[in-house]
Amino acid sequence: MRENVVFRFQRFEVHTGVGIHPVGTDGLLLGAWASVAGAQRILDIGTGSGLVALMLAQRTEKAAACVWVDAIDLSTAARQCAADNFRRSPWTERLRVVGSHLAEFFPQAGCSYDVVVSNPPFHMENTTVPDEQRRQSRHLRFLPVELLAKAANHLLSPAGRLCAVLPPATGLLLAEEGALRGLYLTRLTEVRGRPHKPVERWLMQLERSPYPFERDSLEIYTPQGTYSPAYRALTNDFLLWSKETQ
């Protein structure tokens with residue numbers, strides 16, 4: 001069994017335990033990339049350890065008005081883990097775990113959100129993971145893109161936006177499901193491990209208005225295997241860079 005692991009960032013720590021999906025590049029990218037301009041209320045769907053919610057709380061600490069960051073997760077262990085990490089952070093007053101299953105949460109939510117973010121599971125059922133908690137964090141059936149699009153359409157404020165990180169094939173499904181509900185892809189960053197390699201992830205933003213549309217790309221590593229300047233710039237307010245990565 002995997003023991004508690006602590007990931008240290010510049011302003012906060014993320015503790016993860018047995019069955020909690022570990023801190024990874026996808027969450028780091030989403031938390032640094034998602035637009036929080038003008039947001040007053042944010043929802044993190046499938047929060048896991050709470051990493052993305054913590055990053056968004058940090059990014060909104062200097063906003064003119066208080067920005068609330070809510071989080072939900074299907075896993076009881078993940079909700080407890082996130083709540084503990086929220087309490088350890090400098091933004092504990094603005095961070096809350098508010099629910100579990102998205103299908104039960106969104107019809108009863110008593111507020112709308114300016115930003116909804118999700119680093120959802122995307123593995124298919126033939127991916128074997130023995131631990132049930134890890135299965136929930138990895139398998140697409142626990143958070144189908146249809147449900148994510150439907151919930152976002154219900155929860156978003158008129159000018160709100162849904163931001164997610166997904167493999168391209170699953171991202172295309174989300175874009176299609178969103179369009180069926182009046183949410184359109186307005187911003188897309190194609191993420192590659194290295195230049196000239198296949199695209200591994202899409203960073204996506206969906207809104208009610210389809211215009212304007214922005215598209216760009218990001219490489220995490222240079223051809224020499226060091227972190228790229230673009231990745232460093234994106235995550236520079238969060239990661240503790242060692243001398244070896246300078």
Side-chain angles (χ1 to χ4, degrees), residues 26-48 50-73 91 94-96 98-99 102 105-107 109-120 122 143-168 170-191 201-218 234-235 237-238:
D26 286 356
L28 287 169
L29 288 170
L30 181 62
W33 180 90
S35 173
V36 295
Q40 293 188 344
R41 191 173 291 273
I42 298 171
L43 176 66
D44 180 15
I45 296 174
T47 193
L51 169 65
V52 176
L54 286 160
M55 294 176 72
L56 298 181
Q58 177 178 328
R59 291 178 58 201
T60 56
E61 66 179 345
K62 295 182 180 179
C66 184
V67 179
W68 302 95
V69 183
D70 294 341
I72 67 173
D73 200 285
W91 315 285
R94 297 193 290 115
L95 286 155
R96 302 183 301 171
V98 297
L102 180 60
F105 172 80
F106 84 83
C111 63
S112 60
Y113 292 90
D114 304 302
V115 179
V116 172
V117 296
S118 186
N119 175 15
F122 51 78
L143 182 54
V145 292
E146 301 95 325
L147 175 59
L148 181 57
K150 182 178 180 181
N153 183 44
H154 182 88
L155 292 167
L156 284 172
S157 61
R161 48 199 174 267
L162 167 65
C163 298
V165 55
L166 285 165
T170 313
L172 182 59
L173 292 176
L174 178 59
E176 293 172 347
E177 291 294 333
L180 291 173
R181 294 164 175 83
L183 293 174
Y184 304 99
L185 185 63
T186 58
R187 185 179 170 214
L188 174 65
T189 296
E190 298 175 317
V191 181
R201 295 288 185 271
W202 278 6
L203 288 163
M204 309 172 62
Q205 177 177 286
L206 280 69
E207 300 178 85
R208 301 193 192 280
S209 172
Y211 305 107
F213 176 72
E214 303 176 24
R215 183 173 187 169
D216 59 13
S217 62
L218 172 72
L234 184 64
T235 59
D237 289 338
F238 304 100

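Starting from 1, each residue takes its place in the sequence as its number.
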Show me the pairs that pass ring pair (Phe, Tyr, Trp, His ring centres under 6.0 Å) and involve residues 170-190, at least two apart or across chains. none
Determine, step by step, whether Val115 and Val117 satisfy the side-chain contact (heavy atoms from CB on, under 4.5 Å) criterion, reporting the C-alpha distance in whole Å, the side-chain angles of both residues, the deciding distance to 0.1 Å, and the verdict. CA-CA 6 Å; Val115 179; Val117 296; 3.7 Å; yes
So, taking the atom named CE in Met204 and the one named CG in Leu185, what distance separates them when rounded to the nearest 0.5 Å? 5.0 Å
Separation of Leu166 CG from Leu172 CG (nearest 0.5 Å): 11.0 Å
Please name all residues satisfying ring pair (Phe, Tyr, Trp, His ring centres under 6.0 Å) with Phe238, sequence neighbours left out, ordered by chain then number. none
Would a 4.5 Å heavy-atom cut-off, applied to side chains only, mark Cys163 and Val116 as touching? no
Only counting residues at least two apart or in another chain, list the ones meeting salt bridge (Lys or Arg N to Asp or Glu O under 4.0 Å) with Glu177. Arg181
If you look only at pairs with a residue in residues 208-218, which of them pass as a salt bridge (charged side-chain N to carboxylate O under 4.0 Å, His left out), with sequence neighbours excluded? Glu190-Arg215
Flag side-chain contact, heavy atom, 4.5 Å: Leu43 against Ile72: yes
Any non-hydrogen side-chain atom of Leu218 less than 4.5 Å from a side-chain atom of Trp33? no
How would you list, by chain and number, every residue that makes a side chain to side chain donor-acceptor pair (under 3.5 Å) with Ser35, sequence neighbours excluded? Arg161
Taken in chain and number order and not counting sequence neighbours, the residues that satisfy side chain to side chain donor-acceptor pair (under 3.5 Å) with Trp68 are none
Sequence neighbours left out, what passes side-chain contact (heavy atoms from CB on, under 4.5 Å) with Ala53? Give chain and number order. Asp44, Thr47, Val69, Phe86, Leu95
State, yes or no, whether a side-chain contact exists between Phe213 and Leu188 at a heavy-atom distance under 4.5 Å. yes
Measuring from atom CG of Leu180 to atom NZ of Lys150, what distance do you get when rounded to the nearest 0.5 angstrom? 13.0 Å
Given Phe106 and Leu147, is the side-chain contact (heavy atoms from CB on, under 4.5 Å) satisfied, shown in steps? CA-CA 10 Å; Phe106 84 83; Leu147 175 59; 3.8 Å; yes
SG of Cys111 to CZ of Arg41: how many Å apart, nearest 0.5 Å? 4.5 Å
Taking the side chain as every heavy atom from C-beta outward, state whether Asp26 and Arg201 have any pair of such atoms under 4.5 Å apart. yes
Any side-chain heavy-atom pair of Leu156 and Leu183 under 4.5 Å: yes
Non-hydrogen side-chain atoms of Tyr211 and Thr186 separated by less than 4.5 Å: no
Report the residues that fulfil side chain to side chain donor-acceptor pair (under 3.5 Å) with Asp70, sequence neighbours left out, ordered by chain and then residue number. Arg96, Tyr113
Can you list everything that forms a side-chain contact (heavy atoms from CB on, under 4.5 Å) with Gln40? Sequence neighbours excluded, please. Ala65, Asp114
Residues two or more places apart in sequence or in another chain: which of them pass side chain to side chain donor-acceptor pair (under 3.5 Å) with Arg187? none
Using the rule given for side-chain contact (heavy atoms from CB on, under 4.5 Å), can you reason through Leu173 versus Glu146, listing the C-alpha separation, both sets of side-chain angles and the distance that settles it, and then say yes or no? CA-CA 8 Å; Leu173 292 176; Glu146 301 95 325; over 6 Å; no
Heavy-atom distance under 4.5 Å between the side chains of Ser118 and Leu143, does that happen here? yes
Residue pairs, two or more places apart or on separate chains, that pass side chain to side chain donor-acceptor pair (under 3.5 Å) and touch residues 50-65: Arg11-Glu61, Thr60-Arg94, Glu61-Trp91
Polar contact flag, side-chain donor to acceptor under 3.5 angstrom, Trp202-Thr189: no
